Amino acid sequence: MRTNGRGAESLREIRITRHYLKHAEGSVLVEFGDTKVICTASVEESVPPFLRGKGSGWVTAEYSMLPRATHSRSPREAARGKIGGRTHEIQRLIGRSLRAVTDLTLLGERSVLIDCDVIQADGGTRTASITGAYVALVDALQWLVARGGLPKLPVKEAVAAVSVGIVAGEILLDLDYQEDSSAEVDMNFVMTASNRFVEVQGTAEAEPFTCEQMDAMRNLAMTGIRQLFSVQEEALKR
């Protein structure tokens, strides 16, 4: 059995708490087991220069990890004067994932800025961030609709993400840090509610994986993501 008695095909306990912060148009605390991320969505009545005058909106994201989110303190990236490659990759992934399910033309010339701040890390911070950020985005856009800023919600469908890996020869869903750090293969899947893929990231740390293993990991990820859609849906009803 895995940590907390999980089976190979089980997610960690997933919780999404909406309206977590007072001031942001959308904010959630998303928890994948012991991984905890605060996701906020802020509306700005402007777009980047490359979109001005084109009648299209923009959704973008920033990602960061608190210094003691992990076992030992990591210096703040601001103190180093530059964003690390991993951070840059993750925040671009979050932005791409949310733009994939947003009607940017309907959004008009305004931006939604997503901030994902990891307050405690135990594996799967990027997948938790995407899953929680979607709910924060919907709340921010519903805020706009309620105030007459938009005629309808410019969200085409849900998006969520989960990790899958091979650990000690076994395919596992939603890896925690201990599993992720010893995985022979590590994959991240980002999918929409219509069973379409936004991104698939896969790496063999030791032995290369086969087509059969990749298909099995994909199928397990799809099963997990469907459960995440249900969690998102339930959270948005509350």
Side-chain angles (χ1 to χ4, degrees), residues 1-8 10-17 20-21 24 27-41 60-97 113-136 160-190 199 201-207 209 217 221 224 228:
M1 298 296 289
R2 303 166 68 189
T3 304
N4 298 324
R6 279 198 294 158
S10 298
L11 294 167
R12 289 174 283 183
E13 183 179 359
I14 310 295
R15 291 190 295 269
I16 298 177
T17 305
Y20 192 70
L21 298 180
S27 69
V28 307
L29 171 67
V30 57
E31 300 172 77
F32 276 41
D34 285 335
T35 288
K36 304 176 189 292
V37 187
I38 297 174
C39 304
T40 62
T60 189
E62 294 185 10
Y63 167 96
S64 66
M65 189 176 293
L66 293 187
R68 277 315 302 265
T70 55
H71 296 92
S72 58
R73 186 183 188 277
S74 301
R76 296 180 191 273
E77 290 183 319
R80 296 199 298 262
K82 65 177 182 178
I83 295 174
R86 178 180 179 274
T87 297
H88 192 63
E89 173 210 347
I90 292 174
Q91 60 190 30
R92 289 184 65 187
L93 173 62
I94 298 167
R96 284 195 302 273
S97 300
L113 282 69
I114 305 294
D115 289 288
C116 296
D117 293 288
V118 180
I119 61 174
Q120 184 168 283
D122 186 35
T125 61
R126 73 185 67 194
T127 55
S129 294
I130 292 167
T131 304
Y134 167 76
V135 177
V162 76
S163 65
V164 184
I166 300 177
V167 182
E170 187 174 13
I171 297 175
L172 304 179
L173 177 67
D174 189 20
L175 307 184
D176 62 22
Y177 174 78
Q178 182 177 356
E179 293 165 340
D180 183 63
S181 62
S182 61
E184 297 134 41
V185 177
D186 180 23
M187 298 193 75
N188 294 298
F189 288 82
V190 185
E199 189 144 338
Q201 302 173 333
T203 304
E205 301 291 347
E207 284 293 316
F209 51 94
M217 286 186 283
L228 293 175

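When reading the values below, keep in mind they use all heavy atoms of this one structure, side chains included, and skip hydrogens, waters and symmetry mates. It should be emphasised that the depicted structure is a prediction, and the values quoted were computed from it without experimental measurement.
Of the possible donor and acceptor atoms, none in the side chain of E62 sits under 3.5 Å from a partner among the backbone N and O of Q91. Although no hydrogens or angles enter the test, the distance criterion places no donor-acceptor pair under 3.5 Å between the side chain of T35 and the main chain of G124. With T87 contributing its side chain and I83 its backbone, the two residues share no donor-acceptor pair below 3.5 Å. Under the 3.5 Å distance criterion, the side-chain polar atoms of S27 are matched with a main-chain donor or acceptor of L21. A donor-acceptor pair is defined here as one N or O able to donate and one able to accept, closer than 3.5 Å; no such pair exists between the side chain of E170 and the backbone of V167. The backbone N or O of F32 lies less than 3.5 Å from a partner atom in the side chain of R12, making a donor-acceptor pair. Without hydrogens or angle criteria, R73 side chain to P67 main chain gives no donor-acceptor distance under 3.5 Å. Judged by distance alone, with hydrogens and angles left aside, the side-chain atoms of R15 form no donor-acceptor pair with the main-chain N or O of V30 at under 3.5 Å. The closest donor-acceptor contact from the side chain of S182 to the backbone of Q178 lies under 3.5 Å. For T203 (side chain) and E205 (main-chain N/O), no donor-acceptor pair under 3.5 Å exists by modelled atom type.
Note that CG of D174 and OG of S10 are 9.5 Å apart. Values are rounded to the nearest 0.5 Å. In this structure, S97 OG and Y134 OH are separated by 13.0 Å, a value rounded to the nearest 0.5 Å. S129 OG to I38 CD1: the interatomic distance, rounded to the nearest 0.5 Å, is 11.0 Å. Interatomic distance, T131 OG1 to I16 CD1, rounded to the nearest 0.5 Å: 7.0 Å. Interatomic distance, N188 CG to T127 OG1, rounded to the nearest 0.5 Å: 6.0 Å. We find the CE-CG distance between M217 and L172 to be 11.0 Å, quoted to the nearest 0.5 Å.
Here the side chains of R2 and L175 are in contact, with some heavy-atom distance below 4.5 Å.
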> What do the steps show when you test I94 against R126 for side chain to side chain contact (heavy atoms under 4.5 Å, CB included), and what is the final call?
Replying inline: CA-CA 8 Å; I94 298 167; R126 73 185 67 194; 5.8 Å; no
>> Could you walk me through whether L93 and Q201 satisfy the side chain to side chain contact (heavy atoms under 4.5 Å, CB included) test, starting with their C-alpha distance in whole Å, then the side-chain angles of each, then the deciding distance to 0.1 Å, before giving a yes or no?
In response: CA-CA 10 Å; L93 173 62; Q201 302 173 333; 3.7 Å; yes
> How far apart are the C-alpha atoms of I114 and T40, what are their side-chain angles, what is the distance that settles it, and do they pass the side chain to side chain contact (heavy atoms under 4.5 Å, CB included) test?
Replying inline: CA-CA 6 Å; I114 305 294; T40 62; over 6 Å; no
> Would I14 and E31 count as a side chain to side chain contact (heavy atoms under 4.5 Å, CB included) if you check the C-alpha gap in whole Å, the side-chain angles of each, and the deciding distance to 0.1 Å?
Replying inline: CA-CA 6 Å; I14 310 295; E31 300 172 77; over 6 Å; no
Indicate every side-chain donor-acceptor pair of residues 115-122 with a distance under 3.5 Å to a residue at least two apart or in another chain.
residue: D117; atom: OD1; partner: S64; partner atom: OG; Å: 2.4
residue: Q120; atom: NE2; partner: D34; partner atom: O; Å: 2.8
residue: D122; atom: OD1; partner: Y177; partner atom: N; Å: 3.4

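For residues 75-85, the salt bridge (charged side-chain N to carboxylate O under 4.0 Å, His left out) pairs, not counting sequence neighbours, are E77-R80.
When every heavy atom of G95 is checked against every heavy atom of A61, the shortest pair comes out as N-CB, 3.8 Å. Taking both residues in full, the closest heavy atoms of A221 and V162 are given as O-CG1, 3.7 Å, listed atom of the first, atom of the second, then distance. When all heavy atoms are compared, the tightest approach of A161 to V190 is CB-CG2, 3.9 Å.
The 12-atom threshold is exceeded at CD of E89, counting heavy atoms of other residues, nucleotides or ligands nearer than 6.0 Å.
Looking only at atom types and distance, the side chain of Y63 has a donor-acceptor partner in the side chain of T125 under 3.5 Å away.
Applying the salt bridge (charged side-chain N to carboxylate O under 4.0 Å, His left out) test to E207 and every residue at least two apart in sequence or in another chain returns nothing.
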